[in-house]
Each structure stands twice: as C-alpha cells, then as structure tokens.
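We count ligands from 1, going down the list as the structure has it; atoms in each ligand are counted the same way. Side-chain atoms are counted along with the backbone in the values below, which use heavy atoms only and exclude waters and symmetry mates.
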Amino acid sequence: MRDFSQDHQWLSINTATLRKQWTLDRIIEECAKRGIRAISPWRDQVAAVGLEQIARQLRGTGIALSGYCRGGFFPAVDAAGRQQALLDNRRAIDEAKTLNAPCLVLVVGALPGALTGKPDYTDISRARTEVRDGIAATLEYARQVNMPLAIEPLHPMQAAERACVNTLEQALDLCDELDPPDVGKDTPSVQGRVCHLGVALDIYHVWWDPKLQQQIARASSNPARNRLLAYHVCDWLTPTRDLLNDRGMMGDGVVELKKIRGWIEQAGYLGFSEVEIFSETNWWLKPGEEVLDTCIARHRSAV
Ligand code: ZN
C-alpha cells in the first residue's frame, strides 16, 4: 500500500469542499500554492468563472483533474425531459473533455421532481430503467470522444432524491450490462483500452456495505478493464445530523479509511484520494486556508 504519510502527491480536492468560501479560480490558486496536484470541480463552479478561463488556469498551474462533477439525473416524467437530460449529459462530457478530466462522475438521478419535494412518480424501478437507458445512450457519445463515465452509487438514504443506484454491486451490474467485459476481448485494436463505464467510489456512500470488499475485488476482476475510476474520501460522523451536508473530515468519524484504501489498491487503483466534504455547520464555516491545510494533514495521517 502506498505511503501517504510523507507527502500529499495523491491528494485531490473536490472543490465542493470549499464552495462556500471561494470561487473556483481562487480554489485552484490556493491548491497550487500548497502543491496539491489535482482537483475535481463542479459544473456550476466552472460556469461561474468560465470554462475557457478555468481550462487555461489549470494548464498554467499544471493541476490535473481527478474527475468532473457531474452528469446524471436521467429519469424524467416524459420523453422530452429525458431528452433534455441526455443533451445536458452530452454538454457535461464536452466540458470534461475541455478540462481534460479522466472521467465524468454520474449521480444518476432518482424519482424526478423528488429533489424539490414533488415527485412526478413514485415507481423506483421505472426510475432505474430510465437510468439504465440514459447511461446506455450517454455511453455511445462517451465512447466516441473517449470520456469514461463513472457511476457513483449513493447511500440508500438518497434513493428518492438523487440516485437510485445505491450499492457498488448495483453499479457494477450496470457496468457489466452496458459495457460488457467480454466485448472486443479478441479484437487486437481494443485490447488494453480504458474502460468507458466504471464507478466512482465515495466512502460516505459505501462504507457500511457488507459486500464492499468483495465488490471492490470484482471491480478489477478483468485486468484490462478496471472499473475503479475515482475514490472520494471524507468520514462518517456519529451522529450524522444532516443526510447531505454533514460529512466529516477524515479521521473524525468511524470509517476505516486505511483498510478500505488497502482493498482498492489491492484491486489496482493507484489514483488520487479525492477529499469531498459537504459540511454546512462546520467546514464550510471555516476559513478556506484552514480547511485545505487540514485536508493535507489528514490525507497524510488518516487516509
Ligand atoms: Zn462523491
């Protein structure tokens, strides 16, 4: 397992962690100052500054992306709504290309309208079918332009509002169905290519899963197509006071982060550990400098 205690070369900052303190250009500037090599920005933060300006700033600072947040939200009450969602995902892929992201993270969506308190329908299996169809359609374009899609399973407490893909197993089932492991196996031209459909593993959402270790091993069972595309870290606080915006800093909660990193590294994941903390009552209230410095320290001691 890699030693993170001496430096922070594998630290990435998901820029939602600092969304209340700074605009994205300032976040990039502060990350560059601290030798942080990667970020994962959100579309609204990019749009607020300007896509081209952010792309230039990234090239200038040499900061890479560990992912781009986010596409998804496929289900809709009617065909026009689902078409809208596909167009929006296509735009997200184009932005991800401009920013040279290694993958577009998908929060797949759930019951349409539920996020605003008025679900258009309550049939979660319908939502799951629409998610599958939406990913399948988006994957066609993603393959053409070579932009991997990373399905992020969300904790089941968010199954109504944000994502009806709720376990790593469920996400990998989708990957195997839509991007089958055996397709092209005997075709020399596609051997060793990157997989175009994988998963973003976010500790906050998956730490509790009794099948986590087993499914992490499954994600890399085909060495030519490792499904682990991104790894998001934070911690699970006890008690958690808000389902969305009470994520803990690594080391402040109950997740055995080093053990789980051991599993993903064993499965061949050697990319960034991306710190993603939404924290209404704690970290979003602190000075950005303190948050970043704490992320660096905890990346060394707790991740
Ligand atoms: Zn995440």
**Request:** Go through Asn282 and Arg241 one step at a time and tell me if the side-chain hydrogen bond (donor to acceptor under 3.5 Å, both in side chains) criterion holds.
**Result:** CA-CA 12 Å; Asn282 189 8; Arg241 294 158 299 177; over 6 Å; no
**Message:** Under the rule for salt bridge (Lys or Arg N to Asp or Glu O under 4.0 Å), what residues qualify as partners of Glu177, not counting sequence neighbours?
**Reply:** Arg132
**Message:** Taking Arg298 first and then Asp235, would you say they form a salt bridge - that is, a charged N and a carboxylate O separated by under 4.0 Å?
**Reply:** no
**Message:** Quick check on the 6.0 Å ring-centre criterion: do His155 and Trp208 meet it?
**Reply:** yes
**Request:** Could you tally the protein N/O/S atoms lying less than 2.8 Å away from the Zn ion (ligand 1)?
**Result:** 4
**Request:** Given side-chain contact (heavy atoms from CB on, under 4.5 Å), test Leu18 with Trp284 step by step and report yes or no.
**Result:** CA-CA 7 Å; Leu18 293 152; Trp284 277 344; over 6 Å; no
**Request:** Using a strict 4.0 Å threshold on nitrogen-to-oxygen distance, state whether Asp176 and Arg218 make a salt bridge.
**Result:** yes
